Amino acid sequence: MSDLRTMTYAEAVREAMATAMTNDDRVFLMGEDVGVYGGAFGVTNDLYERFGTDRVRDTTISELGIVGMGVGAALTGMRPIVEIQFSDFLCQAMDQVVNQAAKLHFMVGGQADVPLVIRTPGGSGTGAAAQHSQSLEAWFAHIPGLKVVMPSNATDAGSLLLAALEDPNPVLVLEHKLLYKQSFEVPAEFPRAHLGEGRIEREGTDLTIVATSIEVQRSVQAAEQLAQSGISAEVIDPRTIKPLDLPLILDSVSRTGRVLLVQESAKFGGFMAEVSASIAESPAFGDLQAPIKRLCGLDTPIPYSPKLERASVPQVEDIVAAASALVGEW
Amino acid sequence: MSDLRTMTYAEAVREAMATAMTNDDRVFLMGEDVGVYGGAFGVTNDLYERFGTDRVRDTTISELGIVGMGVGAALTGMRPIVEIQFSDFLCQAMDQVVNQAAKLHFMVGGQADVPLVIRTPGGSGTGAAAQHSQSLEAWFAHIPGLKVVMPSNATDAGSLLLAALEDPNPVLVLEHKLLYKQSFEVPAEFPRAHLGEGRIEREGTDLTIVATSIEVQRSVQAAEQLAQSGISAEVIDPRTIKPLDLPLILDSVSRTGRVLLVQESAKFGGFMAEVSASIAESPAFGDLQAPIKRLCGLDTPIPYSPKLERASVPQVEDIVAAASALVGEW
Amino acid sequence: MAAEQLDEIDAYRTMWRIRLFEEAVEDLYGRGMMHGTMHLSIGQEAVPTGACAALKEGDQITSTHRGHGHCIAKGADLGRSMAELLARDNGYCRGRGGSMHIADVATGNLGANGIVAGGPPIAAGAALSNQLRGTDQVCLCFHGDGAVGEGAWHEALTLASMWQLPVVFICENNKYGMSMSSEKAFKVEHLSEKAAAYGIPGLTVDGNDVEAVFESVNTAVERARAGGGPTFIEALTYRWRGHSKSDKNLYRTREEIAQWRAHDPIAAYAAVLLERDTATQEELNAVADEVRTEIRDAVRFGTQGDEPTVEAMLAGVYAPSPVDARELGARA
Amino acid sequence: MAAEQLDEIDAYRTMWRIRLFEEAVEDLYGRGMMHGTMHLSIGQEAVPTGACAALKEGDQITSTHRGHGHCIAKGADLGRSMAELLARDNGYCRGRGGSMHIADVATGNLGANGIVAGGPPIAAGAALSNQLRGTDQVCLCFHGDGAVGEGAWHEALTLASMWQLPVVFICENNKYGMSMSSEKAFKVEHLSEKAAAYGIPGLTVDGNDVEAVFESVNTAVERARAGGGPTFIEALTYRWRGHSKSDKNLYRTREEIAQWRAHDPIAAYAAVLLERDTATQEELNAVADEVRTEIRDAVRFGTQGDEPTVEAMLAGVYAPSPVDARELGARA
Ligand SMILES: Cc1ncc(C[n+]2csc(CCOP(=O)(O)OP(=O)(O)O)c2C)c(N)n1
Ligand SMILES: Cc1ncc(C[n+]2csc(CCOP(=O)(O)OP(=O)(O)O)c2C)c(N)n1
Ligand SMILES: [Mg+2]
Ligand SMILES: [Mg+2]
């Protein structure tokens, strides 16, 4: 574990898939342009050469169909990974994700499992505009029967994907397209992760920042700047938003007395509303020294213009400002 | 307005559609079995006889297609109403609802409007099990560009539908299948309603109950029982959950100091999380005398068994119990 | 390999099982002992019976909202089926699924589906799994004529044909998708013409002739098993009852219903068996009587089942993960 | 009514506009002056040009992610188009949409679409609107070969054919849907064979022959206008560039690209016009030169546009409601 290596988030996802395919015959991958093209974001790259076109399958542009095929394959002994090219296209596949995959184990009284992993990138920042930049995690977190993972770095991208592949339930892995090309220090082997286990990304005492996906690193950067103004921010990455590691969050909030919830997605009805409501209902509520505060994307579709796009989602400086204001509230 | 008449919720929806079709040539209706069958819940009934099969159009079983046709018709001068037989089948149509209808006005820089109304029943209670009983309002409330209406009685079912038809934006009207056959007292004409305007359904001083759809009447019934134990509950029906009449809620919470949020949908990530978070962020937070509390559906797909189904969503007695407990917290 | 023979008496019995099971369901529902909604396939029994008879052990099916027949023909236990419809803990789905979600995964019934065309992609996926696992299993996908209007159906056929998967799509064309007539909806004479758009064989058979259904499915299944890819079969049939309990039957005529009732698949097959001297009238009567007893027992099994519990339901939302939940929870 | 004549020089000019517009876009992108992604239709210019030439004022189109050509051929202003791609407030979408969402509703371009097969249902809906409003407008729906795999496409064709709507589907078959070859994906020789599944006419034309495209679309549009319902046209063409900037071109050969480049639709049409004596080489050169100036002006118009503001963006999420928002807000 002491040997660190540098790898991108996309490479970590790829390595985890390769490991899983090597260790488990049941694992295979399908999606649009995951074969020779190497994936729209280059994530699959040469996997089709290494594992063949039977196990790395290029599909037609039929998101509902391929998720449904994943469900059917998962029901019958396989461990499919379905890649949806942009998470926005989950809209096409909602029936199979929500009405089928999520509910089947329940509806059939436990006779069958659906160990299906759906990987897909969300998020803005590439100028791809409103139909290619959404962060839709809140939808899926709301659906009983699904698990939802949001890796914020390369190690988690690998570890959580492997954990997802070991889970007998449908797991949605929401990657982030801006992270794909980023390099991270990664241990020689992906440490074993458990779905439902969050992590304190940075310790602190004055306020708790809970953030997901790309907002985790923005929050850590913000925390470093805050430290220079004498504010000590703890940053928590839930890693899995469903199931949610609420104890980890509550414990931190109780210690710091202040909490800032940061998400990229549009504010209204977003995932951090759930975190806020859960804190408000918990014993930690009594420890709050300031109101729970959210910092979220604007309630707008993601715009094309780079200037507008940047303004639409929380940036480091926004987090710094919001955290400072919160600590200012006694 | 003094002349009250008795009519069911379904009849109110039908009358509003008939009024709109009579007054505005641009209004037409399409959906599965809305013609001679009269609609799966009998809502459209004889409309096709009164307005002809051009304006009351039976479609194939193609939810994505028909919502998309609604978008195209709305873009080009019509005012379509699309009926989706069960709101669960919105899963099939998410791309046209979310990626197209909701974003088009924005994406084209205001060159075009999408005055599309989608009507669909949600909710449990009919033994139709997991794929026909969901309450998915939280998804749509989260999407910038959509408006979302949840009528809890016949008058609102009529008034809000007429308001939706006057709005230049896509409006999702989430009806409730258990309400369809219920009778209500309704004024001679549907009073003009505004999307975004909530209502105090019952006044009270000890706590505020915010509820949606069928939980509004359950909350009012609960309030009556609570009154007998000396607890005065105010019940608020937001009517439109997006845009949300937050001022109305906050004002009430500030007055009562306690708030119980009631929804039928699964708790985790549900709409009331947003209401909770918004209260927590508001000045009303300082007026709270007890933690904000939610009473929601269980985090499970809706089961078939009537016993389990009933246990899965808040009933009157659950509201009474939760409200009593909340008032007990000083 | 030549097509296997249909066991005639078995087929006759299966049709009666479906018919009497559904009559019992209708009765229970009418007496308020069953809740929810109900989609009966009375009049359509020859399709699931003939089709499932062409399957081997290990073969799979996906089914629909009108799925009692598929379930029974694939070999489900009548008692556990009835118990499910009665919302009991001893039902196939422990009372969680009901009629629209009945499954019997052990016999290869991957489940009914409340979603029109929910099954075809799942069936294609099971077939892909069969292909990848290198078994000779075939998946048979039941769907209605109305399902043909769904994008999901199109995507399933597109993918299944691209990969030459071992799946057979069998369309129970009962002339209506609820109230929409398939003749009005689809601008082809036979739905089977649509198969050409996917480059796969398509054929139309008399869905009230159990042997015709058997033959066509058998051929298709053998083709699929041999690596020849999917087939699309349209079986023409009719449901005697309304779509569900909300149906006022305004979209079809009494005459049409009467005409199709005169083509009762069970009576027709009885006549064939008598004419062929496969069985005597007494023997045929005995089959129906035996089934009547089975159904009575099934109802008794169901009504005697326990009510399901909320605790078990909540524990049943997720399949248990390999990681011990307490290990994580311990920190809380 | 006889087919209208194609204005040859106009068509030639339109193809050059598309070509040079996209070359300019490519250049701006390469120089980091344009952001986002980019789907160029260089090599495919004859399809939108021929197709839109068959439309009358008032007719509509729906377009795709590869939509610059559709937009220009339907008559969009080059400056406002370029401004949009440069994310300026004077662009068609005020910088909110970019390349994948360009629309020019005034000329009947209902919009590009970032979603594959997002357009077909919308086109069918516009056609329904035309039918209901009793106009003689026709909607032309551009889509790619890849879009044929989407359920949305199937549902649009199903509904359009059921109602005999005035819509023409034109499939720009450039052999690939990103990297998936349409030959592998779809088990028919010509995609146009799929039309039969919807009971509508289908035909395949040379998509690099602007006149062939015009003729076929013209016939289909006239049929639609006369109440004859939809047509499905497959236009065979090729994109010279990669799918988008992420494309390493691994799924096709250099030879294939070279071969298609040799079938340049613009050069081919120039040869036709010269041979026909419609124009001299000098006249043709002049056309290209004029267009070059137009494009330069367009780039200037775009680069001089203001940056959009966050305030205007936020005000642009919803169309203003008839009810005065302040009236409601007043209570707050
Ligand atoms: C996606 C979806 N849309 C609509 C429905 C409602 N619905 C249930 S059955 C049915 C008709 C289905 O027709 P068909 O496929 O022909 O089957 P049949 O009922 O005739 O057996 C409809 C519209 C549904 N369950 N799922
Ligand atoms: C629903 C959806 N799925 C996938 C994509 C990603 N994508 C964009 S273009 C494209 C290929 C489209 O192929 P085709 O329809 O043939 O059009 P072409 O790019 O060849 O013009 C894909 C897969 C998308 N934009 N939308
Ligand atoms: Mg049918
Ligand atoms: Mg293509």
Side-chain angles (χ1 to χ4, degrees), chain B residues 31-46 48-49 53 57-66 68 85-86 88-89 91-93 95-96 124-134 177 180-181 266 268 298-312, chain C residues 34-38 65 84-89 91 93-102 113-118 144-154 176-182 184-186 242-244 246-252 307-310 312-317:
Chain B
E32 293 158 14
D33 311 294
V34 297
V36 56
Y37 197 95
F41 293 94
V43 174
T44 48
N45 197 25
D46 62 346
Y48 88 104
E49 280 172 3
T53 49
R57 307 180 74 91
D58 271 329
T59 67
T60 52
I61 312 177
S62 317
E63 291 80 10
L64 180 56
I66 62 181
Q85 215 164 63
F86 286 73
D88 313 73
F89 313 155
C91 283
Q92 267 73 0
D95 177 62
Q96 287 290 339
S124 65
T126 67
Q131 294 174 332
H132 286 72
S133 308
Q134 290 167 92
K177 54 177 87 71
Y180 278 140
K181 288 191 182 154
F268 196 86
L298 298 179
D299 284 313
T300 168
I302 297 294
Y304 167 66
S305 143
K307 173 191 154 186
L308 298 181
E309 186 180 26
R310 193 175 187 287
S312 297
Chain C
M34 213 171 252
H35 97 143
T37 185
M38 193 181 30
H65 59 286
E84 184 55 34
L85 270 62
L86 286 162
R88 303 307 162 105
D89 201 44
C93 311
R94 306 192 61 187
R96 293 172 205 156
S99 166
M100 278 198 285
H101 307 295
I102 265 201
N113 210 310
I115 298 294
V116 169
D145 48 291
V148 170
E150 285 282 4
W153 177 84
H154 171 71
Y176 300 94
M178 204 148 160
S179 68
M180 169 56 76
S181 119
S182 54
K184 260 194 228 161
F186 305 113
H243 166 74
S244 71
S246 71
D247 191 343
K248 288 175 261 155
N249 266 320
L250 298 172
Y251 53 89
R252 54 184 194 172
E307 290 264 2
T309 67
V310 173
M313 170 184 80
L314 287 174
V317 176

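Residue numbers begin at 1 in each chain, while the letters A, B, ... track the order of the sequences. Values below: all heavy atoms of this structure, side chains included; hydrogens, waters and symmetry mates excluded. Nothing here was measured: the structure is a model prediction, and the numbers come from that model.
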Okay, Leu314(C) and chain B: the region with an atom under 4.5 Å from a heavy atom over there is side chain
Whatever's closer than 4.5 Å to a heavy atom in chain B on Asn113(C) counts as both
Given Met180(C), Glu150(C), Arg96(C), the one with more heavy-atom pairs under 4.5 angstrom with chain B than any other is Glu150(C)
Okay, Glu63(B) and chain C: the region with an atom under 4.5 Å from a heavy atom over there is both
Is any side-chain heavy atom of Ser305(B) closer than 4.5 Å to one of Met313(C)?
no
So OH of Tyr304(B) and CG of Leu86(C): to nearest 0.5 Å the spacing works out to 7.0 Å
Among Thr60(B), Leu308(B), Thr300(B), Val36(B), the residue with the most heavy-atom pairs under 4.5 Å to chain C is Leu308(B)
Honestly, the part of Ala40(B) sitting under 4.5 Å from a heavy atom of chain C is both
Query - Beyond-backbone contact of Leu298(B) with Val317(C), side-chain heavy atoms, under 4.5 angstrom - result: no
Okay, Asp88(B) and chain C: the region with an atom under 4.5 Å from a heavy atom over there is neither
Assert top hit (heavy-atom pairs under 4.5 Å, partner chain B, pool Cys93(C), Gly98(C), Ala185(C)) equals Gly98(C)
>> Quick one: does any side-chain atom of Ser62(B) pair with a main-chain N or O of Gly149(C) as donor and acceptor, under 3.5 Å?
In response: yes
_Check whether Asp33(B) reaches the backbone of Ser179(C) with its side chain - one donor and one acceptor, N or O, closer than 3.5 Å._
yes
Pair count under 4.5 Å, heavy atoms only, with chain C: among Pro306(B), Gly42(B), Ala128(B), highest is Pro306(B)
So, the part of Ser246(C) with a heavy atom under 4.5 Å from chain B: the answer is both
>> Measuring only between side-chain heavy atoms, which start at C-beta, is Tyr37(B) closer than 4.5 Å to Met178(C)?
In response: yes
Worksheet item: Any side-chain heavy atom of His132(B) within less than 4.5 Å of one from Met100(C)?
Response: yes
Cut-off 4.5 Å, heavy atoms of chain C, and the answer for Phe86(B) is neither
For this session: Might you work through the side-chain contact (heavy atoms from CB on, under 4.5 Å) test for Gln92(B) and Val116(C), ending with a clear yes or no?
Result: CA-CA 10 Å; Gln92(B) 267 73 0; Val116(C) 169; over 6 Å; no
So, the part of His35(C) with a heavy atom under 4.5 Å from chain B: the answer is both
Nearest heavy-atom contact between Gln131(B) and Gly114(C) is OE1-N, 2.7 Å
